Amino acid sequence: MASRSVGAKTWARIAASDPGLLRLTAGLRTVCSIALTLAVLAFLRADVSHLVAGAIAAMVATFAIREKERTPQAVTLALGLPVALASVSLSALLHSYRVAGDLAFVGLIFCAVYGRRFGDRGTALGLIVFQVYFLSLFVGATVPALPGLCIAIVIAFVCSAVVRFALVPDTPAGILDRLRRAFRARLAQLISAHLDLLDAGPDDLQKVLDEVRRRTAALHETAMMIQGRLEEGTSDEAVARAVQRRIADAEIAAERLGLLLLTARSTKRADTLTLHLPGAPVPSGGPLPERDETTAAVRRDLEALHLLLLRPATQNTGTAVSHLRNRLLGYREEENLPHAPAAVQDVFRGIGELGRAILALRIAFEGPQDESDDTPATARSREELDAENAAIDGSEEAARPEAEATGLQRPTTRAAVQVAVGSALAMVGGEFLSSQRWYWAVLTCWIVFINTASTGEILVKGYRRLVGTILGVVAGILLAGAVGHHTWSAFGLVLLFIFAMFYTAPLSYTLMSFFVTAMLGLLYTVLHTYTAAVLLLRIEETALGVFCGIVAAAVVLPVHTDRRTNELLGTTMARLADVTEAAVGQLSGGPAVNLLDRARDLDQALADLRSSTQPLTHPITPMRARRDTARYVVAMLETCAYHARALAATAELLPAHPSIAADPRLRGAGRRIVHNIEAIATHVSDEQSDAVIETGPSIASMLKPGTLGAPRYDRVTDRVLRHLQRLDEAVAGLARPLHVPTQPPKA
């Protein structure tokens with residue numbers, strides 16, 4: 001029993017650190033593809049250059065495929081083989097014609113980047129055509145060597161297919177199932193952080209709050225990943241909507257519980273922004289009395305939530321687990337709350353709501369649960385969940401059309417022109433550094449443009465690549481001396497570094513660059529072309545490639561960081577207005593729409609904005625005031641998104657939940673919030689705009705508590721009003737850093 005418990009905890013940590021095991025699977029699949037390719041080529045007695053070519057081709061054929069379903073993956077892989085053969089053939093034919101070869105390479109680079117506009121398949125084929133051409137330059141492909149290289153590439157693609165579809169198979173349903181487990185594991189980690197928050201002293205509170213923020217962000221990241229896999233990983237739309245609903249409920253309940261705990265230990269109600277803004281002032285107050293019975297009960301119930309999350313359904317037999325579940329759900333009834341200050345009672349209510357969310361997760365993930373030991377409070381929770389599930393009809397909302405740029409302003413076209421120009425500069429500069437290794441500068445220029453959209457993002461990515469390369473060169477020099485001419489030992493380390501490269505890529509671009517460079521040092525050793533000067537040249541070529549990429553991004557059709565962030569800020573504000581207006585409209589008696597999908601659109605827009613502000617918030621940026629403003633705006637928007645998400649989730653309960661009824665008076669309160677959001681968006685797009693923020697009486701004073709829904713459920717009413725009030729305050733709070741004028745309330 002103890003060993004199973006330790007194993008479950010270990011697996012939970014792995015699942016939480018790598019949601020869906022996506023990084024582990026990517027690393028294993030790539031390593032297995034390369035290992036199988038090397039084994040086949042070794043059996044055929046291929047020479048070292050063909051071994052290296054096969055290894056690189058297998059790596060490219062594996063990581064380039066991005067589709068989520070198996071059939072599209074197979075089609076892309078099949079199309080990629082002739083593309084790869086054409087690329088290596090072109091390189092070999094032009095090997096002796098330097099100028100023509102360089103022009104052809106620039107043309108391929110343009111086509112490869114432009115192909116991204118055709119989706120995942122276009123992106124994959126572009127990666128294959130570029131990387132295989134680079135491979136041919138790396139091994140020095142010539143016409144006499146072309147047949148052997150083509151055979152190696154064919155073997156690499158076949159081995160990649162065998163590994164992908166037979167040895168390390170994956171399905172959308174399997175990935176989604178692992179993501180669900182990761183969500184539960186990360187939710188359990190957040191509850192552990194809540195326990196630390198309950199007991200933290202004044203000196204430790206800042207550190208604990210940082211941990212709560214990190215784990216809240218990790219939970220949200222997993223929820224977004226699940227959202228992106230629902231369509232392919234579930235059997236029908238109704239199942240996808242049910243899972244989406246339960247994930248949203250659990251995420252909102254967990255974030256609310258953290259805020260309630262922070263409020264309970266503070267001298268006044270905690271600001272939601274505290275959970276979203278790193279470095280925000282720590283609320284005054286201290287931990288709850290350690291020996292107090294109420295504090296002990298809170299700690300006990302948080303531990304019970306943690307246990308219910310991590311315990312598999314097969315181990316939920318017996319009365320002990322049922323007793324825990326019933327006690328937690330009992331806090332949803334006013335008469336079951338312990339005698340305590342109002343803020344502490346709110347904590348118990350939050351525990352009850354999170355307990356309900358965990359029950360709903362279990363039903364959505366694992367099917368119906370044992371109901372034999374249900375108390376009346378638990379039975380009522382189940383009835384509410386059944387009613388909500390019955391209301392989910394799986395209807396699809398028509399997609400809202402997006403304005404699309406045309407011509408040179410299209411992102412893929414602009415990026416293709418920029419990369420082509422930057423690569424041409426890198427070729428010319430690289431020739432001055434080395435007529436043999438100039439392609440390293442081109443590779444760096446290509447890579448710094450991948451998944452970047454502004455000059456600032458390219459600058460940060462180039463900086464990280466240069467740092468990783470320098471560290472990798474040091475490691476490569478040490479490893480090359482240790483390995484010597486032991487070919488298979490070097491290939492073994494190459495496989496290890498490739499796995500590390502793919503496993504760390506989503507976590508740290510610097511680490512990934514380190515492993516790539518260290519691996520290349522080993523490959524040069526295998527090819528008997530290693531010298532310390534070669535690796536030092538790689539640093540110079542990398543720096544040149546970064547410089548050329550930055551110059552191209554800054555001069556050719558530039559997209560400055562300010563412009564990029566303003567565009568994404570406008571998109572985020574539009575999504576926020578969309579969610580708020582629809583949620584308030586539904587709470588006011590308006591037509592039902594798919595609010596959770598709109599809320600996830602808001603989350604995705606906010607994630608894009610957060611990514612685009614990295615150049616502004618990076619530690620090396622010299623403009624500290626600008627960095628603080630960017631962090632504050634993003635944190636304030638995260639606060640707005642939390643309240644909008646909570647309103648959307650509550651509004652979706654209207655058709656099925658007996659505790660909520662529409663109230664037309666909410667429409668007026670929502671109108672002011674939406675107007676202010678649109679005013680900010682207008683001012684961001686045009687600083688000369690005369691749009692102003694409207695102020696006025698608080699929403700809480702506009703509507704009397706207890707008038708929305710049945711009197712027995714006025715806590716739900718208060719929560720709706722509280723979310724509206726906090727959203728109103730947060731939107732108004734964005735006016736100051738964005739310099740939007742405020743209109744004083746009318747007399």
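The model shown is predicted, which means the values in this text are computed figures rather than measured ones. All heavy atoms count here, side chains included; hydrogens, waters and symmetry mates do not.
- Every residue two or more places apart in sequence or in another chain that forms a side chain to side chain contact (heavy atoms under 4.5 Å, CB included) with Leu28 is listed here: Leu24, Phe499.
- Within the structure, every pair that satisfies the side chain to side chain donor-acceptor pair (under 3.5 Å) test and touches residues 74-94, not counting sequence neighbours, is listed here: Glu67-Thr76, Thr76-Arg121, Ser91-Ser136.
- Applying the ring pair (Phe, Tyr, Trp, His ring centres under 6.0 Å) criterion to Phe449, with sequence neighbours excluded, gives no partner residue.
- Arg610 meets the salt bridge (Lys or Arg N to Asp or Glu O under 4.0 Å) test with Glu638; sequence neighbours excluded.
- With sequence neighbours excluded, the residues satisfying side chain to side chain contact (heavy atoms under 4.5 Å, CB included) with Ala35 are Leu495.
- Within a 6.0 Å radius of CZ in Phe547, other residues, nucleotides and ligands contribute 12 heavy atoms or fewer.
- Within 6.0 Å of CZ in Phe118 there are more than 12 heavy atoms belonging to other residues, nucleotides or ligands.
- With sequence neighbours left out, Phe105 forms a side chain to side chain contact (heavy atoms under 4.5 Å, CB included) with Ile109, Phe130, Tyr133, Leu137, Met427, Trp438, Val442.
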Indicate every side-chain donor-acceptor pair of residues 42-56 with a distance under 3.5 Å to a residue at least two apart or in another chain.
from: Asp47; atom 1: OD1; to: Ser49; atom 2: N; distance (Å): 3.3
from: Asp47; atom 1: OD1; to: Ser49; atom 2: OG; distance (Å): 2.8
from: Asp47; atom 1: OD1; to: His50; atom 2: N; distance (Å): 2.9
from: Asp47; atom 1: OD1; to: His50; atom 2: ND1; distance (Å): 3.4

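- With sequence neighbours left out, Thr455 forms a side chain to side chain donor-acceptor pair (under 3.5 Å) with no residue at all.
- Taking Phe514 as the reference, nothing meets the ring pair (Phe, Tyr, Trp, His ring centres under 6.0 Å) condition, with sequence neighbours excluded.
- Applying the side chain to side chain donor-acceptor pair (under 3.5 Å) rule to Ser423 yields no partners; only residues at least two apart in sequence or on another chain are considered.
- Shown here are the side chain to side chain donor-acceptor pair (under 3.5 Å) partners of Arg465, two or more places apart in sequence or in another chain: Tyr509.
- Among residues two or more places apart in sequence or in another chain, the side chain to side chain donor-acceptor pair (under 3.5 Å) test is passed with Thr561 by none.
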